[in-house]
Amino acid sequence: MAHGTLKHCRSWLFVPGHDAERLADALASRADVIVVDLEEFTPSASRDAACQAFADVADSCRQNGCLPMARINALDRGGRHELTSLMGGAPAAVFLPQVDEANQLEALASALDGEERRWGMPRGATAIVPTLESRLGVERADDLLRASPRIAAALLGTGDLARVLGLSAEERSAALAPFRQRFLRSCRDAGVLAIDGPWPETQGFDADQVWSRQCGFRARCVVDTRQVEPLHRLVPPLSSLTIRPKRPRT
């Protein structure tokens, strides 16, 4: 299975699935990836409609030269229904939140097998991107990132991780640095693309992105379209990036 195009993506822009204006802004931002976020950014009452609209959003993404993706809820919290509803749009990848057990990823891989058969898609066409957003998830990253050959990238959920750790805005950068570095090492060892977490503040993005780039991150989650241009300016294209082959779980 090959998901080689994902390794060239620098900007992974998360947007609500129910807000047409923000979706239009996202499409105009020139982000490499647009992720319709059903878990955090889309109200529960709007998720069904967002799933039904995903196929049109995905078509618009492809016409604008970006990859369409979605972040669903946990499978046992509505994510299974969301997956069934949105797969007609053929997302390039599906994000799973709050991952700290390999069986969460194995269950999603199995569900994707069934959905791809139902839609007549090649098996393995849809990548999985786990979101690691707890201390336990980061500690288990070496094993989690080998839970399925579908895993092509992983996202560090720095916002939730900061909340779990009880960090203030002032403490955030220094306290999260070792978690970001450990996550990056695990991704490299597993042969998957490491997506650094979002920068939620209105100031300081450029400085933090310089640090991220110096550490070795080549991709980043963004939640503000204004961060796409500086991210692309500060991170060179990924065309020359080589991701090491994934090592089997032991």
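Note: hydrogens, waters and symmetry copies are ignored here, and every other heavy atom, side chains too, is used. Computed from a prediction, not measured in an experiment: that's the story for all the values here.
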* **Exercise: do Asp142 and Ser186 side chains pair donor with acceptor under 3.5 Å** => yes
* Asked: Does a donor on one side chain sit under 3.5 Å from an acceptor on the other, for Ser60 and Gln63?
  -> no
* Does Trp119 belong to the same Ile/Leu/Val/Met/Phe/Trp/Tyr cluster as Phe54, with side-chain heavy atoms less than 4.5 Å apart forming each link? -> yes
* Just one of Glu40, Glu39, Glu82 clears the side-chain hydrogen bond (donor to acceptor under 3.5 Å, both in side chains) bar with Asn73, so which one? -> Glu82
* To do: Decide whether Ser168 and Arg172 meet the rule of one side-chain donor and one side-chain acceptor closer than 3.5 Å.
  => no
* **Gap between atom CG of Leu184 and atom CG of Asp196 - 0.5 Å precision** => 8.5 Å
* Heavy atoms of other groups near Arg62 CZ, more than 12 under 6.0 Å -> yes
* Between atom NE2 of His8 and atom CG of Leu193, what is the distance when rounded to the nearest 0.5 Å? -> 10.5 Å
* Structure fact -> Only residue of Thr225, Val57, Ile34 satisfying side-chain contact (heavy atoms from CB on, under 4.5 Å) with Leu27 is Ile34
* Worked verdict on Trp199 versus Ser173 for side chain to side chain contact (heavy atoms under 4.5 Å, CB included) -> CA-CA 10 Å; Trp199 181 257; Ser173 291; 3.5 Å; yes
* **Atom of Ile72, atom of Pro97 and distance for their closest heavy-atom approach** => O-CD, 3.0 Å
* To do: Answer yes or no: does atom CZ of Arg30 have more than 12 heavy-atom neighbours from other residues, nucleotides or ligands under 6.0 Å?
  => no
* To do: Considering non-hydrogen atoms only, spot the tightest contact between Leu156 and Pro198 and give its length.
  => O-CD, 4.4 Å
* Is Ser85 reaching over with its side chain to a backbone N or O of Cys51, donor-acceptor style, under 3.5 angstrom? -> no
* To do: Taking all heavy atoms of Leu13 and all of Asp224, pick out the closest pair and write down the distance.
  => CD1-N, 4.2 Å
* **Check: Ala107 main-chain N/O paired with Ser110 side-chain donor or acceptor under 3.5 Å** => no
* To do: Evaluate the criterion side chain to side chain contact (heavy atoms under 4.5 Å, CB included) for residue pair Arg180 and Trp211; output intermediate values, then yes/no.
  => CA-CA 11 Å; Arg180 292 164 77 182; Trp211 182 89; 3.4 Å; yes
* Structure fact -> Shortest non-hydrogen pair, Gly137 vs Leu132, comes out as O-CD1, 3.7 Å
* Identify the two heavy atoms, one from Arg10 and one from Pro236, that lie closest to each other, and give their separation to 0.1 Å. => CD-O, 3.4 Å
* Is it possible for you to say whether Val164 and Leu144 belong to one hydrophobic cluster, with membership spreading through side-chain heavy-atom contacts below 4.5 Å? => no
* To do: Mind running side chain to side chain contact (heavy atoms under 4.5 Å, CB included) on Cys187 and Leu145 for me, showing each step along the way?
  => CA-CA 7 Å; Cys187 288; Leu145 300 181; 3.8 Å; yes
* Hey, is Arg150 close enough to Glu116 for a salt bridge, meaning N to O under 4.0 Å? -> yes
* Working to the nearest 0.5 Å, report the span between CD of Glu139 and CZ of Phe183. => 14.5 Å
* Asked: Can you find a side-chain donor-acceptor pair between Ser134 and Gln98 that sits under 3.5 Å?
  -> no
* **Heavy-atom donor-acceptor pair, Gln214 side chain to Gln209 backbone, under 3.5 Å** => no
* Asked: Between Asp37 and Val15, is there a donor-acceptor pair closer than 3.5 Å when you use the side chain of the first and the backbone of the second?
  -> no
* Report yes or no: does Arg218 contribute a side-chain atom to a donor-acceptor pair with the main-chain N or O of Gly216 at less than 3.5 Å? => yes
* **Nearest heavy-atom neighbours spanning Phe95 and Thr131** => CD2-OG1, 4.0 Å
* To do: Evaluate the criterion side chain to side chain contact (heavy atoms under 4.5 Å, CB included) for residue pair Val94 and Leu108; output intermediate values, then yes/no.
  => CA-CA 9 Å; Val94 172; Leu108 177 56; 4.3 Å; yes
* Should Asp208 and Arg220 count as an ion pair when the cut-off is N to O under 4.0 Å? -> yes
* Enclosure of Arg118 CZ (heavy-atom neighbours >12, cutoff 6.0 Å) -> yes
* Output yes when a side-chain donor or acceptor of Arg47 lies under 3.5 Å from a complementary backbone atom of Thr42, and no otherwise. => yes
